[in-house]
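Here's the structure, in structure tokens; my notes come after.
Chain naming here is simple, since letters A, B, ... match the order of the sequence lines and numbering starts at 1 in each. Since we're looking at a predicted model, the values are computed, not measured.
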Protein chains: 2
Amino acid sequence: MHGMSEGARSTAARLLAALEAISNSRDGLTVAEFARALGRDKSIASRQLRPLVDLGVLERGPDGRHRLGWRLFTLAARAGDQRLLLLAPPVMRRLSDLSGERVHLSVLHGREVLTILSESSRQMIEAVDWVGRTAPVHCTSSGRVLLFDHRDDDVRCLLGDERLAVRSSAAPATAEDFLRRLCEARKLGYALVDGEFDVDLVAAAAPVRDFSGRIVASINVSAPAYRLKERLWHTGRQVASAAAHLSKAISSQADH
Amino acid sequence: MHGMSEGARSTAARLLAALEAISNSRDGLTVAEFARALGRDKSIASRQLRPLVDLGVLERGPDGRHRLGWRLFTLAARAGDQRLLLLAPPVMRRLSDLSGERVHLSVLHGREVLTILSESSRQMIEAVDWVGRTAPVHCTSSGRVLLFDHRDDDVRCLLGDERLAVRSSAAPATAEDFLRRLCEARKLGYALVDGEFDVDLVAAAAPVRDFSGRIVASINVSAPAYRLKERLWHTGRQVASAAAHLSKAISSQADH
DNA sequence: AAGCGGGTTGCATTTATTGCAACGCGGCGT
DNA sequence: ACGCCGCGTTGCAATAAATGCAACCCGCTT
């Protein structure tokens, strides 16, 4: 009952305590239950809950129970974007040092893959800036990873019925061909691509997920085949590890 | 970028305004920027931000910029219908590819329509879109759809007795006018709107229902009239199909 | 009818927020 | 070096909140 009586000093702390009290309840709280949970008078509960409902932070069901509202989700979604851009660079840099190659962060952009961050390696020879540019989803490791959680039907619809525009002989020519490779990558947990986007390029990618498990980005290593092909499997595991680390960091308190 | 909303009375409203000000900034806000965004003294900003940072709602980077923090995730993870949020994006993306236009997912919030997801060619970068914002219920396709199952009396009560605030000459001026259009949409199974919210905007929306048949959200396509008006009927059927598909998806148990 | 619990509202008191001022800090141009 | 400007924090009085008690309405049980 007295669960977590704590010294809530600030009004912000009291408000957050209110939200968490409701969050911790399974079916929401009525005004009286809410008042008891906070150990305050029910009048306070009534007057505190109303503006929150008006703002959309809480929802009041027809049964008079208060539950968390959609507004919190829109905030959390933006928090995810901000934290991704904030926390990705150090993870990417470490991966770049480990692999010795250039590391990219990409998101799904329509039916293409958009690179939004890039961390350079010490190498002289490397692909020029891809930031802001898009690449086909079907012949890149990032594209494969970003479609991890899509159902086969959605993938087919995304790729279109026609034959895929092949950039090289190694790239998948049909949607079914792509789905086979996607299935392989799913089992593996990360995607390896050899000469599909460009005959001389190999790449490894892994998915970055937010707090709800949704794939929000892909982290990938791309390099000339002669330099990376031999150890591509090893790099794949490194990328997967980095992506998992970034996924955890986005939704957890302590970073670095 | 300046404070757009006025009339924040309660402390809860002030707090939410603070969070949204930071949410709407791409790289976070410093204390001074935050103060300017709220139009208040910087001392208030300093004293308001600190407890939020301590609680984990906000995070203060080494550069002194405040971004949304991890604590929002713990709340949002239980907010709303997680199943809907998880399954909607792929369906929306497919509809976006089909129609070539931007797709939104909205819920009813009081007498307004709140957009909670948006899928299109652009994903997260420069996402200054509708997400998190509300629109009038009487002159939007989503609003019409979200009131599908409301009784006429409830609709009248929701809209109020007074004349509706018309945004354009095409929008319904009275509750009875709205009810006529709502009845049309009911028969059709989806709602088409031409120049009601904005003279140059057309839209099509369809209802998303949960297992019990209750309308939990609306999926809709919105685009400039010159681009979509010709094929709006066709788009309406596409939207209805996508909404039906999503309704089935959130009701079914089996899902990878 | 009376009792009970949930929900809201009035009002005096208590408490916290507000805005002004001042201060320390770090960069930058003359 | 100096002064200047912007940022961030802190004291302090006036202000504007939140708080708790009470009363009230409503539906329901006894």
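- Here the side chain of B:Ser141 pairs no donor or acceptor atom with the backbone of B:Val193 at under 3.5 angstrom.
- B:Ser168 places a side-chain N or O within 3.5 Å of a backbone atom of B:Glu196 that can act as its donor or acceptor partner.
- Rounded to whole angstrom, the span from the CZ atom of B:Arg40 across to the P atom of C:dT18 amounts to 7 Å.
- Taking B:Tyr190 as the reference, nothing meets the ring pair (Phe, Tyr, Trp, His ring centres under 6.0 Å) condition, with sequence neighbours excluded.
- When the side-chain nitrogen and oxygen atoms of A:Thr11 are compared with OP1 and OP2 of C:dT17, one or more of them lie within a distance under 4.0 Å.
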Could you give the side-chain donor-acceptor pairs of residues 44-57 of chain A under 3.5 Å, partners two or more places apart or in another chain?
none

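- Judged as a ring pair (Phe, Tyr, Trp, His ring centres under 6.0 Å), and not counting sequence neighbours, the contacts of B:Phe197 are B:Trp130.
- No side-chain donor-acceptor contact under 3.5 Å links A:Glu33 to the backbone of A:Ser25.
- Between B:Arg14 and D:dA17, a side-chain N or O to OP1/OP2 separation shorter than 4.0 Å is absent.
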Inset, instruction - Sugar-phosphate means primed atoms, P, OP1 and OP2; the rest is base. With that split, encode nucleotides 22-30 of chain D 5' to 3' as B, S or - using protein heavy atoms under 4.0 Å. - result: ---------
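- Under the rule for a ring pair (Phe, Tyr, Trp, His ring centres under 6.0 Å), B:Phe148 has no partner lying at least two apart in sequence or in another chain.
- Between the side chain of A:Arg67 and the backbone N or O of A:Glu59 there is no donor-acceptor pair closer than 3.5 Å.
- At a threshold of 4.0 Å, the pair B:Arg71-A:Glu20 counts as salt-bridged, since one of the basic side-chain nitrogens sits closer than that to a carboxylate oxygen.
- Side-chain nitrogen and oxygen atoms of B:Thr30 include at least one within less than 4.0 Å of the OP1 or OP2 phosphate oxygen of D:dG8.
- What separates CG of A:Leu38 from P of D:dG20 is a distance of 11 Å, to the nearest Å.
- Residues A:Val31 and A:Ala12 both approach DNA chain C. Their nearest nucleotides, taken by heavy-atom distance, put A:Val31 toward the 5′ side.
- One interatomic measurement links the two molecules: CZ of A:Arg36 to P of C:dG5, which rounds to 10 Å at whole-angstrom precision.
- Listed by residue number, A:Arg47, A:Arg50 are the residues of residues 47-57 of chain A with a heavy-atom contact under 4.0 Å to DNA chain C.
- In this entry the distance linking CG of A:Leu15 with C1' of D:dA18 reads 12 Å, nearest Å.
- The A:Ile44 side chain lies nearest to D:dG20 when the options are D:dG20, C:dG19, C:dG7.
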